[in-house]
Amino acid sequence: MSKSRRSEPKESDLEPLPIYHHKSKLVRAVKDSTFLVVTGETGCGKTTQLPQYLHEAGFCKKGKIGITQPRRVAAITVAQRVAQEMGYALGREVGYQVRFDDCTTEDTEVKYMTDGCLLREVLADPGLSQYSVVILDEVHERSLNTDILLGLLKKVFSNPDKANKGRRLPLKVVVMSATMETEKLSAFLGNCPVFVIPGRIFPVKCSFGSAVGPKETESTGYVKEVVKVALDVHTSEMAGDILVFLTGQNEIERACDMLYEKAETIDYRYDVHDRTVEGLLILPLYGSMPTDQQRQIFQPPPRGIRKCVVATNIAATSLTINGIKYIVDSGFVKQLNHNSRVGLDILEVVPISKSEAEQRAGRAGRTSAGKCFRIYNKEFWEKCMPEYTIPEIQRTSLTAVVLTLKCLGVHDVIRFPYLDSPEERFILEALKQLYQFDAIDRRGRVTKLGELMVEFPLHPGLTRAVLKASSYGCPDVMLPVAAMLSVENIFIRPGHPENQKEADQRHRALGSKSGGMNDFATLLSIFQLCKSSEKPSAWCKENWIHWRALKSAFSVETQLREILLRLQQRSDFPVESFDGNKNELFRRCLCAGYFTNVARRSIGKAFCTMDGHGSMVHIHPSSALFENEKDLDWVMFHDVLVTSKVYIRTVCPIRYEWVKDLLPKLHEVDVYELSNVAREEVTDEEMAKWENKEAAKRQQEASAEEALKKLEKRNDEASVSDARARYLQRKQQKQSKTT
DNA sequence: GAGCACTGC
């Protein structure tokens with residue numbers, strides 16, 4: 001470990017990284033206070049260099065340096081590079097840990113990891129006693145896990161004397177962010193010092209278009225506009241590749257078709273500023289694309305050909321393409337938002353934030369100066385685009401988060417120090433759901449079951465079903481289903497109608513192989529058929545199944561099985577017995593996790609949900625139960641999709657008797673009481689008062705049947721029908737545009 | 001009668 005080896009910048013570039021000039025001051029700043037905010041644009045070297053400086057300064061003598069990243073690939077590639085720069089073998093002194101891949105040893109001193117991994121570590125060791133420094137990187141991205149870690153570290157180490165008691169070395173916390181919101185971060189961490197490192201990126205000139213105004217938003221056909229602008233760039237700008245931002249697979253394929261058609265009609269050999277642009281290489285890019293196809297994006301185009309990549313937001317942070325000089329920004333993104341009023345996750349197209357627009361523009365300035373063409377106008381920028389993207393913690397279901405916090409001893413989850421607090425009703429909804437799952441009791445305390453549940457990297461409903469099945473001794477049927485439901489969509493639905501027909505037929509056939517009336521059983525049988533087939537990847541191709549998704553389902557299932565085995569060795573693991581038929585047992589176990597997702601047959605083909613909102617829903621055409629509704633009364637479903645109708649997807653029939661005892665639980669909890677419980681420890685007297693009130697209320701709502709009638713009357717589907725109305729309006733406008 | 005962005009444990 002010679003000092004000189006590490007103290008020189010190892011970049012092959014002649015110019016040292018900007019951070020190099022601040023080395024000694026930076027190390028001093030870390031030593032001087034518990035919290036430090038470091039800010040610097042991409043390319044300043046903070047992610048790779050700071051841990052090396054701290055290592056050299058002796059921070060690893062009594063603990064590790066841990067650096068979190070929001071993405072797996074980033075954690076792995078950065079660790080590789082740092083190991084190389086320090087002259088160590090990866091996995092020894094410098095290592096990384098991500099799910100399914102732990103490349104560290106006990107002696108690892110500098111450890112890169114995903115934020116989710118560190119959160120898991122905190123659950124096992126809340127004081128992070130192994131670390132001398134924890135660095136949270138990319139904090140400006142506001143990922144759910146990073147936000148929670150930030151709150152936890154603040155809560156624990158705001159009182160460093162107390163928190164560092166018994167530690168060999170006081171813990172240092174460094175929070176790294178691109179330039180935005182640094183004052184806010186510093187204020188959050190008790191006005192801690194901020195260290196600014198200049199960046200090393202090239203200027204990007206941005207211009208606004210005229211196509212999209214605030215009143216038009218997504219209905220204007222921005223796809224067409226984006227295509228037009230991209231072609232303009234192609235025919236009038238100097239050499240350099242183009243990156244176009246759109247929102248989804250469908251749009252991207254449409255845009256590529258249009259570009260292809262129009263680029264063909266362009267007279268080849270365009271004379272642009274004395275350079276010859278011969279043609280355009282059009283490449284789509286989105287997450288569910290096969291990986292080898294994704295790789296093509298990175299190859300330089302043939303001589304004289306301009307590359308035009310049409311991508312989702314995947315190109316904003318996850319993938320970096322070299323040679324991009326021009327950005328065409330649609331101004332929209334597809335985002336999953338949780339709606340607590342109806343208890344649904346709704347995937348919708350929304351305008352991006354100003355900070356996100358800057359991020360997109362920045363993609364053109366990585367290797368040289370660039371240009372960014374925004375298709376929307378200045379008015380749209382000012383009136384429709386928020387300053388910053390709403391952080392994930394404010395637009396996601398918090399059930400799992402609240403359980404995690406409670407297990408970490410954070411009783412008052414409402415007044416937890418969030419950098420940005422979620423709305424109280426999101427938290428109340430989470431508390432209610434945890435209570436329904438028996439994960440917390442009426443006093444808001446974690447139950448034994450809750451302690452088991454937090455161990456699983458799954459949505460709490462899935463975990464509940466897995467634990468139920470395990471207590472009945474049949475985890476083998478539930479683990480694969482839970483795994484299949486927690487990975488990305490496994491069904492391929494191609495764009496071309498002929499292939500579509502074939503894919504649909506294949507999927508339907510897989511459904512009937514498993515009995516024909518249970519989508520969960522279909523998932524189980526796909527898992528088993530593929531696993532036992534001789535050539536699983538060929539089997540997937542034949543059946544229009546995503547092999548990549550299925551592979552990850554296999555790994556998830558293995559992981560879940562290991563966790564379960566470990567937990568079953570505990571003496572208090574629940575054991576129950578059942579002597580009905582297996583098919584029924586399977587569905588009953590699912591109900592334990594999904595009794596909130598139960599619907600009863602209503603007028604026509606519609607079903608009415610029992611979740612307290614009484615929304616009208618329809619079975620999705622991809623379900624095996626579709627068009628077999630006649631004999632159905634009660635069904636249970638996994639997820640909801642809002643498009644032309646409100647659809648439930650992944651469905652199976654159930655019997656009312658199975659959920660009869662669970663349904664009252666949907667109505668008995670008064671969330672406001674629960675929130676008071678969450679705020680403070682209640683006395684026995686208060687508790688008794690509350691329980692009396694609850695009992696009286698239960699008497700009033702004598703049966704679930706009655707509650708059901710009430711619900712059907714309430715017909716409280718306002719938000720859903722709003723969303724549906726917007727969708728129909730958009731569709732209509734789109735149609736009128738095309739005719 | 002079909003409209004799924006991206007992460008992460």
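We name chains A, B, ... by the order of the sequence lines, and we start the count at 1 in each one.
- Rounded to whole Å, the distance from CD on A/Gln559 to P on B/dG8 is 14 Å.
- Counting heavy atoms of neighbouring residues, nucleotides and ligands inside a 6.0 Å radius, atom NE2 of A/His459 does not exceed 12 of them.
- For A/Thr312, taking side-chain heavy atoms from C-beta onward, the closest of the listed nucleotides B/dA5, B/dT7, B/dC9 is B/dA5.
- The phosphate of B/dA2 has OP1 or OP2 within less than 4.0 Å of a side-chain N or O from A/Ser644.
- Residues A/Arg493 and A/Asp504 are paired through a salt bridge, judged by an N-O separation under 4.0 Å between the basic side chain and the carboxylate.
- Rounded to whole angstrom, the span from the CZ atom of A/Arg360 across to the P atom of B/dA5 amounts to 14 Å.
- If you check B/dC9, B/dG3, B/dG1 against the side chain of A/Asn250, the one that comes closest is B/dG3.
- Nucleotide B/dA5 holds its C1' atom 14 Å from the CD atom of A/Glu253, rounded to whole Å.
- Regarding A/Leu246, its CG atom lies at a distance of 13 Å from the P atom of B/dC6, rounded to whole Å.
- A/Arg71 and A/Glu141 are joined by a salt bridge, as a carboxylate oxygen and a charged side-chain nitrogen come within less than 4.0 angstrom of each other.
- When the nucleotides B/dC9, B/dG3, B/dT7 are ranked by their closest atom to the side chain of A/Arg71, B/dT7 comes out on top.
- Side chain of A/Arg120, nearest nucleotide from B/dT7, B/dG1, B/dC9: B/dC9.
- The residue A/Gln249 sits close only to the backbone: its heavy atoms come under 4.0 Å of sugar-phosphate atoms, none of a base.
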- Task: Run the numbers on A/Phe607 and A/His618 for ring pair (Phe, Tyr, Trp, His ring centres under 6.0 Å), then give the verdict.
- Result: CA-CA 6 Å; A/Phe607 286 77; A/His618 292 259; 8.2 Å; no

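- Along DNA chain B, the nucleotide nearest A/Phe456 and the nucleotide nearest A/Tyr286 are compared for position; the residue whose nucleotide lies closer to the 5' end is A/Tyr286.
- Within 4.0 Å of A/Tyr647, counting heavy atoms only, lie sugar-phosphate atoms of the nucleic acid but no base atom.
- Comparing atom distances between the A/Lys334 side chain and each of B/dA5, B/dC9, B/dG1 picks out B/dA5 as nearest.
- For A/Cys117, the side-chain atoms get nearest to B/dC9 when compared with the rest of B/dC9, B/dG3, B/dC6.
- Residue A/Ile314 places its side chain closer to B/dC6 than to any other of B/dA2, B/dC6, B/dG3.
- The phosphate of B/dC9 has OP1 or OP2 within less than 4.0 Å of a side-chain N or O from A/Arg72.
- At the heavy-atom level, A/Arg395 lies nowhere under 4.0 Å from the strands shown.
- Separating the CG atom of A/Leu462 from the P atom of B/dC9 is a distance of 17 Å, rounded to the nearest angstrom.
- Note on ring orientation: taking the six-membered ring where Trp is involved, the planes of A/Tyr376 and A/Phe380 are tilted (angle from 30° to 60°).
- Note on A/Leu641: a base of the nucleic acid sits closer than 4.0 angstrom, heavy atoms only.
- Rounding to whole angstrom units, CD of residue A/Gln500 and C1' of B/dG1 are separated by 11 Å.
- Applying the 4.0 Å criterion to OP1 and OP2 of B/dG3, one finds that A/His620 has a side-chain N or O inside that range.
- Protein atom CD1 of A/Ile648 is 16 Å distant from nucleotide atom P of B/dG1, rounded to whole Å.
- Among the protein residues, A/Asp504 comes within range of the nucleic acid bases, having at least one heavy atom under 4.0 Å from a base atom.
- The side chain of A/Thr114 approaches B/dG8 more closely than any other nucleotide in the set B/dG8, B/dC6, B/dG1.
- Atom C1' of nucleotide B/dA5 and atom CG of A/Asp639 are separated by 15 Å, given to the nearest angstrom.
- Nucleic acid contact class of A/Val98 (heavy atoms, under 4.0 Å, all strands): sugar-phosphate only.
- Between A/Tyr647 and A/His620, the ring-plane angle classifies as perpendicular under the 30° and 60° cut-offs.
- Of the listed nucleotides (B/dA5, B/dG8, B/dC9), B/dA5 has the atom at the smallest distance from the side chain of A/Leu336.
- A salt bridge is absent between A/Glu358 and A/Lys354; no separation between the charged side-chain nitrogens and carboxylate oxygens falls under 4.0 Å.
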